[in-house]
Structures are given as C-alpha cells and as structure tokens.
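Quick notes on the structure that follows.
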Amino acid sequence: MNRQFSGLKSGRMKSAFLVLALCLALASLMAAQTPAISLTRISFDPFTVGPGQHATEVEPHVLANGSTLVAAFQTGRISPGGSTDIGWATSTNGGTTWAHGFLPGLTKGEGTGPYDAASDPAVAYDAKHGVWMISSLPISNSSQTPAVVVSRSTDGGLKWENPVSVDPTAPSSDKNWIVCDSWTSSPHYGNCYMEWDDPSNGDEIMMSTSTDGGLTWSAAIGTANHATGIGGQPLVQPNGTVVVPIETNFMSAFSSTNGGMSWSVPVAIGIIQSHIDAGGIRSGPLPSAAVDGAGTIWVVWEDCRYRLQCATNDLVYSTSTDGTHWTKVTRIPIDPVTSPVDHFIPGIGIDPTTSGTGSHVAVTYYYYTQTSCAVSNCQLYVGYVSSPNGGATWSAHIRLAGPMKLASLPNSQNGLMVGDYIATAFTNGVPHGVFAIARLKSGTAFNEGMFTAQGLTVPAEGAVLSSAADKPLHKLSDRIEREQPEKGVVPPSRRSAKRSAK
C-alpha cells in the first residue's frame, strides 16, 4: 500500500515536473517570439511663445517609401484651434534614427510665416516627381487663409520649402488629407489629390488635384451630389482609381476614375454606432484607411455595435476592391466583447508588399482599460494589434505605452487632446506606429511628445484571435458629437441625437 502510494506520488511528481518543464519551454518559446519593444522619442516641442500650451505635440500622420519614413504633427497645441507650428520627423534608415524640425514659412510662432496657427498635418509622397509633401490647415485670427497649404521637400524629407496655397479663395476649410498616385501602372501616375470640407457650407466635401508635384493645384470641386462629410482619407489603387473613405451620416466612400476630373456620389460602408469616450477626451468615429499591395482598401473606426447598450467601443473594419462594394463590418478581436476596455483613435497600416489573404495589417490605437471613468481616474494607453493573413486571425494586442493621466493632455476646442488621428506605416516589412505620449506635468508645463515603437512585428505565431462568430447586438449609438472646426466656423448640425434603435 505504501509502495503503491509512493509510486503514485512519484508518478504525479514526474507529471507535475513534465507540465512545469512544458510550461517553461512554452514560455521560453513565447518570449523568443515576442519582440523586444522599445519607445523612441522622435520630436519635442521647443517653443515657448503664447498662446501655445508647451511642451505638447499631438495628431501625427506618418508615411513610408522604401527605407524613408516621414511623420508630421502639431507642435505647441493652441487650445481654441491649431498649433504653434507643424513639426516633422524623418528617418532614412527604416526608423532606426530620426531627424526632426518644424515647417518654415507657415506660422508666426515658428517665426517665418504669416499665419497664427496651423493644424491637421498629413503626409504624402509623389514618386514620379520625387517630392515629399505635408499638407496642413493654416489659421489666421485676422485674415482669410487658403483652404489648405502644402509644404514640399525634394531632398528626402530633410529640408522643407515654404508652403504652397491650395484654393486661396476658400471661405472656410477643415480636416484636410492628401495622397499621391505612386503606382507606375496607373494612367494617372504622379497625380496628387487633396481633400477637405467646407464648414461654412455644412461641411461640403471638396477635392483638388495637382499634376506637378504639388506646385500648383486645380480649382476645387465637390462630389456629384455636393455631399457633406468630414475626415476623408483618399487612397489610390493600382489602376488609378481614387477612393476616399469619409464620415458622412454613415461611414461612406466616394471615388474618381478619371484622375480627379470628377467625383462620384458617396456610397455607404455601414451605419455609425459610437460610444462617447469618457473623461472629455477628443475622439470620435473618424475613419483611418490604408490600401494593400493589390489595391484593396481597408477602413477602420471605433464602433459599439458588439457591446451591450453601446457601453464601450471596439475597433471595426470593412474592405473593398473597388470603393463601391464593401464587406460587412467586422470587429477586430482585441478584447472579449464582455470586457470593459474602450478602444478609440485607430491608425491602420498595411505592408504594401502584401495583399489579399496574405496582407500584413497593423493597427495602433488608444484605449482605456475601464470605459466608466472620469478625468481624475481614466487611465489612457497606446495599444498595437496585427494580422498576418488579411484579418482572418489576429495576434494578441501589445501595450505600447501608458498609463497616462488625462490631466497631462492639452486642451482643445473639442476636448483633451492626443489627436483626431494617429498612423501606422510599414517600411521593409516592419510596422512603425507614431503617436503622442503624455508624461506627468511639471507644474504647469506639459510633457507630451511624439514617439514611435521599435521592434514591432506582424507575427504568424499566436495569430489565433477571431471575431467570425460575433454578431451585432443593436443599432444604438451615442450622439455623434458635432466637432467645432479648427478655424472656428461652426457648421450646421448634420446629425441628430440618436440613442434609439432604428
């Protein structure tokens, strides 16, 4: 009996040791497969001139071409609108090291420009003409400004020229975005396209085209039905079709097949169902968009349809091969639908050397671990999630930064700010997110700068998370907040409060 018990005990101990050894081996394997993530600060706010809130940097966009990455962002956020200047950061070695500076000829705060502030930076690259561009929104307290301006660099993003005006007679503008057709297969190779909306006319969508590397721009035109919307992000497919995902009364998209000579009526991608993020942070269901190597367009935004009572936001997406027909809205399975986590402000990137079911997709985003929080106790984080197979499965998310306290963020006319958007870009197969991180204030001085994460990958191992079985629970939405434009012109309300099922 004792021998039997002893043998049984010994067998159990051996089994326990085997399980422990297996767990340790698995942990070792996972550790070997988990990248060593580090944060690199790529810029800081050196200005002290009022009325900017210093030191702050917010709202980055980043684009890659080859081994070059160019990012642009607001520096020295001014509470009523815009920033002291637009900052830039450029890496010519795949994100290993960065140079940074501030656009000349733009703002009085920088010292060489005519405008009181600038906002909404977005980056484009024109391969045909070898020109990097940063578009931004000029703001003046006393005079009319162009709809948008474009700063050009012809040396790889290290020196920037004084800005070029786009539509100098525009009465008002907001939420500009720029893209260039760099597909050599396209009949419109070398065209660049600018989008913005006109708050003085109910957010009418406007488009302008350049064929000479951003030196001159065509007269602005609207869509075929003079549609209204905000937050458009134009993308170009290999055949030259331009697709512009945008927030209208729906998540929508419109397009051009003739090099920007005319633009279609927007088609609906899906209804907008969004939870208001806690703590007074500036956010909302604006689209983030990217295109894969074969021309499939992806659109990602924050959405609450999979959560009981619209209690918190997931990130969702839809895709299209032609800009007209879109897949059903699908949840990115970052967390279980029962979790209290709130996800918002996504920035999507796709490796341009991948496509279809082999697309490497990466999304950087902000989140709260607890959706029910207040300014005093909200904990803000930066997260990252990826898919190696075109969204069929996703890897477990990675926490990149946080927690941050909301009191460490600068104010804006629309709430505490890290940005209306952030971005992710691939260079040489490696994803690079660029985002704002706010550290604790020192007295009244902020400490918010631009960062990127080194060591990110799109691993196939561990990519097992799926939302294929998820079903939308309702058609509820919190009120989609009416954003006050950067230039201070408040548009008529385009939406009504809609906390009811349709």
Side-chain angles (χ1 to χ4, degrees), residues 58-59 231 247 251 270-288 299-317 329-348 362-386 394-409 412 414-424 433 435-438 448 465 467 470-481 483 497-499:
V58 299
E59 201 160 79
E247 179 198 331
M251 190 59 65
I271 63 173
I272 293 175
Q273 299 177 238
S274 182
H275 164 75
I276 294 178
D277 302 306
I281 194 167
R282 176 171 172 159
S283 64
L286 294 176
S288 176
V299 185
V300 176
W301 68 96
E302 61 186 68
D303 182 276
C304 69
R305 74 188 64 197
Y306 296 97
R307 303 293 182 136
L308 285 173
Q309 298 300 312
C310 189
T312 185
N313 288 314
D314 291 296
L315 302 182
V316 300
Y317 70 94
V329 176
T330 302
R331 188 178 78 96
I332 299 177
I334 301 171
D335 296 286
V337 293
T338 55
S339 82
V341 179
D342 189 22
H343 316 79
F344 46 93
I345 316 179
I348 183 176
V363 183
T364 309
Y365 58 95
Y366 285 92
Y367 67 99
Y368 295 143
T369 53
Q370 173 55 253
T371 186
S372 299
C373 60
V375 175
S376 61
N377 64 352
C378 280
Q379 301 286 299
L380 181 65
Y381 296 82
V382 181
Y384 169 85
V385 68
S386 65
W394 296 81
S395 300
H397 82 100
I398 298 172
R399 186 180 75 184
L400 299 181
M404 293 174 265
K405 293 185 177 296
L406 296 189
S408 299
L409 305 182
S412 77
N414 295 306
L416 299 170
M417 192 170 187
V418 288
D420 287 334
Y421 51 84
I422 57 176
T424 308
F435 40 86
I437 295 178
E448 182 185 41
L465 302 177
S467 61
D470 291 352
K471 303 294 183 185
L473 301 179
H474 52 73
K475 293 186 178 179
L476 299 175
S477 178
D478 285 346
R479 177 178 55 85
I480 308 299
E481 294 179 288
E483 181 176 280
K498 48 177 184 178
R499 245 294 192 190

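The first residue of the sequence shown is numbered 1, and numbering continues consecutively from there.
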Open item on the list: How close do Thr364 and Leu400 get, counting heavy atoms only, and between which atoms?
Closed with: CG2-CD1, 4.3 Å

Task: Qualifying residue for ring pair (Phe, Tyr, Trp, His ring centres under 6.0 Å) with Phe344, from Tyr365, Tyr368, Tyr367 - done: Tyr368

Open item on the list: Between Ser274 and Asn313, is there a side-chain heavy-atom distance shorter than 4.5 Å?
Closed with: yes

TODO: Could you check if a side-chain atom of Asp314 sits within less than 4.5 angstrom of a side-chain atom of Asp303, using non-hydrogen atoms only?
DONE: no

Task: Atom pair CZ (Arg305) and CG (Leu476), whose distance is rounded to the nearest 0.5 Å - done: 11.5 Å

Open item on the list: Using every non-hydrogen atom in the two residues, find where His275 and Thr371 come nearest and quote the distance to one decimal.
Closed with: NE2-OG1, 3.1 Å

TODO: Determine the minimum heavy-atom distance between Arg307 and Thr312, stating which atoms define it.
DONE: CG-O, 3.2 Å

Open item on the list: Determine whether Met251 and Val329 satisfy the following criterion, side-chain contact (heavy atoms from CB on, under 4.5 Å), listing intermediate values before the conclusion.
Closed with: CA-CA 10 Å; Met251 190 59 65; Val329 176; over 6 Å; no

Open item on the list: So which atom in Pro287 and which in Gly231 form the shortest heavy-atom distance, rounded to 0.1 Å?
Closed with: CG-O, 3.3 Å

TODO: Dump the intermediate steps for side-chain contact (heavy atoms from CB on, under 4.5 Å) on Thr424 and Val363, then the final yes or no.
DONE: CA-CA 7 Å; Thr424 308; Val363 183; 5.8 Å; no

Task: Validation row: Ile480, Pro285 side chains within 4.5 angstrom (heavy atoms) - done: yes

Task: Side-chain heavy-atom pair Val58, Arg282 within 4.5 angstrom cut-off - done: no

TODO: Apply side-chain contact (heavy atoms from CB on, under 4.5 Å) to Thr330 and Ser467, showing your working.
DONE: CA-CA 7 Å; Thr330 302; Ser467 61; 3.6 Å; yes

- [ ] Work out which heavy atom in Ser408 is nearest to a heavy atom in Ala438; give both atom names and the distance.
- [x] O-CB, 3.7 Å

TODO: First locate atom CG of Leu315, then atom CD of Glu302, and finally report the distance between them rounded to the nearest 0.5 Å.
DONE: 7.5 Å

Open item on the list: What I'd like to find out is whether the side chain of Ile345 reaches to under 4.5 Å of the side chain of Phe435, using heavy atoms alone.
Closed with: no

TODO: Please report the closest heavy-atom contact between Ser395 and Val385, naming both atoms and the distance.
DONE: O-CG2, 3.4 Å

Task: Set of residues satisfying ring-ring contact (aromatic ring centres under 6.0 Å, His included) with respect to Tyr421, sequence neighbours excluded - done: Trp177

Side chains of residues 373-382: which donor-acceptor partners sit under 3.5 Å, not counting sequence neighbours?
{"residue": "Asn377", "atom": "OD1", "partner": "Ala374", "partner atom": "N", "Å": "2.7"}

Open item on the list: Would the distance check show the side chain of Asp277 and the main-chain N or O of Ser283 forming a donor-acceptor pair, the cut-off being under 3.5 Å?
Closed with: no

Open item on the list: Any non-hydrogen side-chain atom of His343 less than 4.5 Å from a side-chain atom of Ile332?
Closed with: no

TODO: Side-chain contact test, heavy atoms from C-beta onward, threshold under 4.5 Å: evaluate it for Trp301 versus Ser288 and give yes or no.
DONE: no

Task: Close side-chain approach of Glu448 and Met417, heavy atoms under 4.5 Å - done: no

TODO: Kindly compute the distance separating SG (Cys304) from NZ (Lys475), expressed to the nearest 0.5 Å.
DONE: 13.5 Å

Task: Audit row: His397, Leu465, side-chain contact (heavy atoms from CB on, under 4.5 Å) steps and yes/no - done: CA-CA 10 Å; His397 82 100; Leu465 302 177; over 6 Å; no

